[in-house]
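All remarks here apply to the structure that follows.
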Amino acid sequence: MSDLFATVRNHVLDALRAVVPDLPDEILARVEVTPPRDPAHGDMATNAALVAAKPAKMAPPKLAEALVNALRQVPLLAEVASAGPGFINLRLQQSALQALLPEILHAGIHYGDSQTGAGRRVNLEYVSANPTGPMHIGHCRGAVVGDALANLMQKAGFDVTREYYINDAGNQVQALAWAAYWRYLQAIGISISEEDFAAQAPGGLQYRGDYLVPVGEKLAAAYGDRLAPGGVVADPAGWLDLVRDFTIEAMMSEIREDLAGLGVRQEVFVSERKMLESGAVDRAIDILTAKGLIYQGILEPPKGKLPDDWEAREQTLFRSTNFGDDVDRPLRKSDGTNTYFANDIGYHADKLARGADILIDVWGADHGGYVSRMQSAVKALAGDSNVTLDVLLCQIVHVMREGVPVRMSKRAGTYVTLRDLIDWVGRDAVRFTMLMRKPDAQMEFDLDAVVAQTRENPVFYVQYAHARCRSVLRGAAQSLGADRVSDHALASADTSLLQSAPELDVMRRLMAWPRLVEGAALAREPHRIAFFLYELAGDFHMLWNRGKDDAALRFLQPEDTKGTLARLALVACVAGAIRSGLAVLGVEPVEEMR
RNA sequence: GCACCCGUAGCUCAAUUGGAUAGAGCACCAGACUACGAAUCUGGGGGCUAGGGGUUCGAGUCCCUUCGGGUGCGCCA
């Protein structure tokens with residue numbers, strides 16, 4: 001399938017090589033063929049003369065003129081002109097645009113697929129919420145961004161593994177086990193006040209939410225009172241591991257359900273505990289030790305206000321400063337167990353060992369301070385293999401309801417779970433809205449705007465455009481017969497009949513889709529897909545209304561079957577492109593609005 | 001105090017990764033239904049891209065700096 005931008009870019013490169021032989025590759029790589037900012041400039045523009053002027057030792061306008069003369073020989077191009085400081089504006093033959101439609105119809109949902117990432121394996125880790133409670137709205141953004149990015153990169157040809165890291169080792173899950181045990185005691189009729197129990201549990205009672213009540217009941221059903229003989233808090237040695245594993249399993253099952261409700265699917269779940277037990281962490285640290293990157297040392301105290309209990313202490317450190325980090329980072333806690341970072345090194349080493357060319361982690365913004373040390377570790381482990389770690393930080397989501405912020409507080413009981421959110425606005429609205437923002441910008445999520453059925457609500461606006469397309473095609477199927485308006489049949493329509501400005505504008509938008517997919521995938525920016533769909537929907541709604549002003553522009557022309565079929569081909573292309581984009585976002589296209 | 005992210009129309013956000021005169025929606029004003037779905041569309045006003053300096057053919061984008069918001073800062077994950 002052809003990307004017209006890529007095709008034209010090749011023509012530009014040919015012309016450039018002809019005019020200026022022996023240009024270095026890095027100059028050629030900077031040559032772009034892009035949609036023009038102002039449609040009056042044509043269908044495409046290239047910066048070729050600007051980037052090549054210096055190495056060619058020519059003034060940009062002069063080089064542009066030479067390129068214009070060469071490009072005028074290309075049959076695909078109807079107009080070629082230099083402009084401004086040395087841009088070259090290009091206008092395609094109408095036939096080139098019209099020829100796009102059968103291709104789109106044949107490609108169907110695969111329109112925009114590319115081979116940009118072919119042969120490159122991506123390990124994409126996202127969500128990785130701690131199994132200590134239900135998912136809330138804070139986890140949601142990362143889940144949606146990660147999932148859409150996985151779809152996007154697959155569409156661009158990458159071989160993507162979707163992964164979830166279960167933080168089931170360490171103090172947090174011990175505390176979870178104690179909290180579940182408290183609920184278990186209640187379930188078997190032993191009532192201990194929060195305060196009394198908190199005094200007995202190491203670290204106190206950290207998880208007081210009632211989501212653990214069913215877990216306690218299940219424990220009671222499975223074990224009776226055997227975990228608390230004599231009706232008292234038993235020695236944890238006899239129950240802690242069991243209760244912990246049981247509870248983690250229960251929480252993960254809830255999380256998987258929540259993810260399924262959001263339409264997020266991951267095929268690999270890695271347990272931190274199992275990874276640790278397998279020796280993967282030790283092996284990774286051995287590798288770093290062999291490279292001389294591990295040492296015993298004393299860190300400088302942090303600047304500014306010191307933690308109360310700070311004292312100078314020698315510890316095991318990773319030399320992350322060799323790879324751009326600010327300070328070296330500790331691998332062992334004072335009790336001898338691993339820091340989270342040490343285990344994460346093991347985990348990333350494991351990802352590398354399983355075979356990946358690109359690692360991507362999607363994290364919450366509160367982990368921003370952690371990025372450079374993890375990238376340092378991956379650089380150290382990857383050595384010459386050039387595997388990189390990209391980290392996407394998802395910023396805070398402020399939830400608004402009726403114009404006022406919804407505070408995220410467990411204590412105040414205004415804790416918005418992912419399930420609440422989906423129940424309130426629906427899966428598609430959650431996903432689309434989250435994807436209308438760059439991940440690294442804070443966003444406001446207005447619960448009322450997201451369910452509004454107006455242009456203000458992009459998910460509605462795009463769905464409506466698709467529904468309108470389908471509505472026309474349904475109507476045409478009635479009058480012309482379904483077999484004549486299938487995508488396959490419409491692919492042989494005479495699209496040269498489509499010559500009006502708004503029709504050609506839609507084709508230009510459709511033409512940009514493959515290039516947009518590639519760019520978004522390379523930049524790891526799924527939100528561009530959402531914006532493209534919003535703009536395509538706008539083009540289509542405008543075209544539709546042109547038909548209201550001028551009956552000659554309506555899709556269905558009873559006296560002109562050939563013209564009708566040509567227009568239906570365009571409509572079917574719009575619907576197909578919308579489906580193709582919504583598939584990336586993980587949003588369902590709808591046949592009609594209800 | 002230090003590091004990272006961010007700052008664009010009154011509001012919510014884009015800007016093809018350094019490209020031409022910074023664009024959409026909401027809100028405001030004025031219009032289009034005898035109609036393939038008006039839940040839509042057309043037109044209008046609205047900007048020193050937080051401030052200042054630098055890099056070059058060219059900066060919202062890169063560098064320095066000031067201000068403002070967010071996040072984090074050895075034994076939480």
Side-chain angles (χ1 to χ4, degrees), chain A residues 5 30 32 34-38 41 45 47 50-51 53-54 59-60 83-87 89 128 130 132 167 169-173 175 272 298-305 307 309-313 315 317 325-327 329-330 332-337 339-341 343-344 364-372 393 395-396 400 436-438 440-444 446 449 452-458 460-461 464-465 467-468 471-476 512 515-516 519-520 522-523 525 527-528 531 534-535 538 541-549 551 554-557 567 571 592-593:
Chain A
F5 285 93
R30 288 180 55 207
E32 288 186 313
T34 63
R37 192 158 260 179
D38 184 346
H41 292 151
N47 61 350
L50 290 166
V51 301
K54 192 170 284 182
F87 287 98
N89 292 327
S128 300
N130 291 351
T132 52
N167 296 133
N171 296 331
Q172 295 304 311
V173 287
E272 180 184 6
I298 300 175
L299 286 179
E300 293 290 309
K303 305 284 187 237
K305 54 178 184 287
D309 58 349
W310 195 91
E311 58 181 88
R313 175 177 289 130
Q315 50 192 343
L317 297 169
D325 201 2
D326 300 324
V327 292
R329 305 292 180 173
R332 310 264 188 236
K333 303 180 201 169
S334 56
D335 66 2
T337 61
T339 59
Y340 180 79
F341 178 49
N343 287 355
D344 223 0
D366 54 343
H367 290 58
Y370 196 79
V371 173
S372 63
L393 292 179
Q395 287 287 340
I396 309 291
M400 304 288 287
M436 278 296 283
R437 299 288 176 264
K438 265 191 306 206
D440 55 3
Q442 295 177 36
M443 71 171 287
E444 210 165 274
D446 186 329
Q453 305 211 331
T454 68
R455 177 164 193 169
E456 186 181 358
N457 180 5
F460 169 80
Y461 188 72
Y464 184 39
R468 272 182 152 178
S471 172
V472 173
L473 291 165
R474 276 195 303 272
R515 182 175 182 276
L516 188 121
L522 293 174
E525 291 187 344
H527 74 278
R528 293 193 200 177
F531 276 91
Y534 186 65
E535 285 164 0
H541 286 307
M542 185 178 78
L543 181 62
W544 180 290
N545 269 67
R546 290 296 172 91
K548 290 185 171 303
D549 300 334
R554 296 181 60 172
F555 302 128
L556 302 178
Q557 300 287 334
R567 288 157 206 232
V571 172
E592 50 189 338
M593 309 303 289

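Each chain gets a letter, A, B and so on, in the order the sequences are listed, and its residues count up from 1.
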What distance, rounded to whole Å, do you find between the two [atom1] atoms, one in [N] and one in [M]?
N     : M     : atom1 : result
B/C64 : B/C5  : P     : 11 Å
B/G58 : B/U17 : C1'   : 15 Å
B/A50 : B/G68 : P     : 16 Å
B/U61 : B/U8  : C1'   : 12 Å
B/G31 : B/C36 : C1'   : 23 Å
B/U66 : B/C28 : C1'   : 36 Å
B/A32 : B/A38 : C1'   : 9 Å
B/C48 : B/A59 : C1'   : 14 Å

I'd like to check [X] versus [Y] (side-chain heavy atoms, cut-off strictly below 4.5 Å). Are they in contact?
X      : Y      : answer
A/R468 : A/F555 : no
A/E592 : A/R474 : yes
A/R455 : A/N457 : no
A/R567 : A/Q557 : yes

Categorize [X] for me: base, sugar-phosphate, or nothing, with a 4.0 angstrom heavy-atom threshold over every strand shown.
X      : value
A/A45  : base
A/M542 : sugar-phosphate
A/L50  : base
A/E311 : base
A/R546 : nothing

Apply the syn/anti split at 90° from 0 to B/U17 and say which one it is. syn

A/R515 to A/F5 six-membered ring, cation-pi geometry met (6.0 Å, 45°): yes

Aromatic plane relationship, A/Y464 with A/F460 - under 30° parallel, 30 to 60° tilted, over 60° perpendicular: parallel

Using 30° and 60° as the class limits, which term best fits the ring planes of A/Y461 and A/H541: parallel, tilted or perpendicular? tilted

Phosphate contact ([N] OP1 or OP2) by [X] side-chain N/O below 4.0 Å:
X      : N     : result
A/N130 : B/A77 : no
A/Y461 : B/C41 : yes
A/K54  : B/C57 : yes
A/R474 : B/C36 : no
A/R30  : B/G19 : no
A/S471 : B/G37 : yes
A/W544 : B/A35 : no

Identify, between A/G475 and A/A312, the residue whose nearest nucleotide on RNA chain B lies closer to the 5' end. A/G475

Between A/P60 and A/N457, just flag the one whose closest nucleotide in RNA chain B comes earlier from the 5' side. A/N457

Protein-nucleotide distance ([X], atom [atom1]; [N], atom [atom2]), rounded to Å:
X      : N     : atom1 : atom2 : value
A/N343 : B/C76 : CG    : P     : 13 Å
A/N89  : B/A20 : CG    : P     : 12 Å
A/D366 : B/G70 : CG    : P     : 15 Å
A/Y340 : B/C73 : OH    : P     : 14 Å
A/D344 : B/C76 : CG    : C1'   : 13 Å
A/E456 : B/U40 : CD    : P     : 10 Å
A/R455 : B/U42 : CZ    : C1'   : 12 Å
A/L299 : B/A3  : CG    : P     : 17 Å

What does [N] pair with, Watson-Crick or G-U, if both distances are under 3.5 Å?
N     : result
B/G23 : B/C13
B/C41 : B/G31
B/U61 : none
B/A3  : B/U71
B/U55 : none

Looking at A/N545 and B/U40, is any side-chain donor or acceptor paired with a base atom of the opposite kind under 3.5 Å? yes

Return yes if the base of B/A35 and the side-chain atoms of A/D549 contain a donor-acceptor N/O pair under 3.5 Å, otherwise no. no

I need a per-nucleotide contact map over nucleotides 11-17 of chain B, read 5' to 3'. Cutoff is protein heavy atoms under 4.0 Å; write B for the base, S for backbone only, - otherwise. -SSSSBB

Return yes if a side-chain donor-acceptor contact under 3.5 Å exists between A/Q395 and A/D440, otherwise no. no

I want to verify a distance call: between [options], whose nearest atom is closest to the [X] side chain?
X      : options             : value
A/A83  : B/A20, B/C41, B/G74 : B/A20
A/R554 : B/C5, B/G19, B/A35  : B/A35
A/N171 : B/A77, B/C41, B/G19 : B/A77

Between A/D446 and A/A449 (side chain of the first, backbone of the second, donor and acceptor by atom type, cut-off under 3.5 Å), is there such a pair? yes

Looking at CG of A/N167 and OG1 of A/T132, how far apart are the two atoms once the value is rounded to the nearest 0.5 Å? 9.0 Å

Within this structure, what is the NZ-OH distance for the pair A/K333 and A/Y340, rounded to the nearest 0.5 Å? 11.5 Å

Does the aromatic ring of A/Y370 sit over the six-membered base ring of B/G72, closer than 5.5 Å centre to centre and tilted less than 30°? no

Flag as yes if A/H367 stacks onto the base of B/G72 (centroids under 5.5 Å, planes under 30°), otherwise no. no

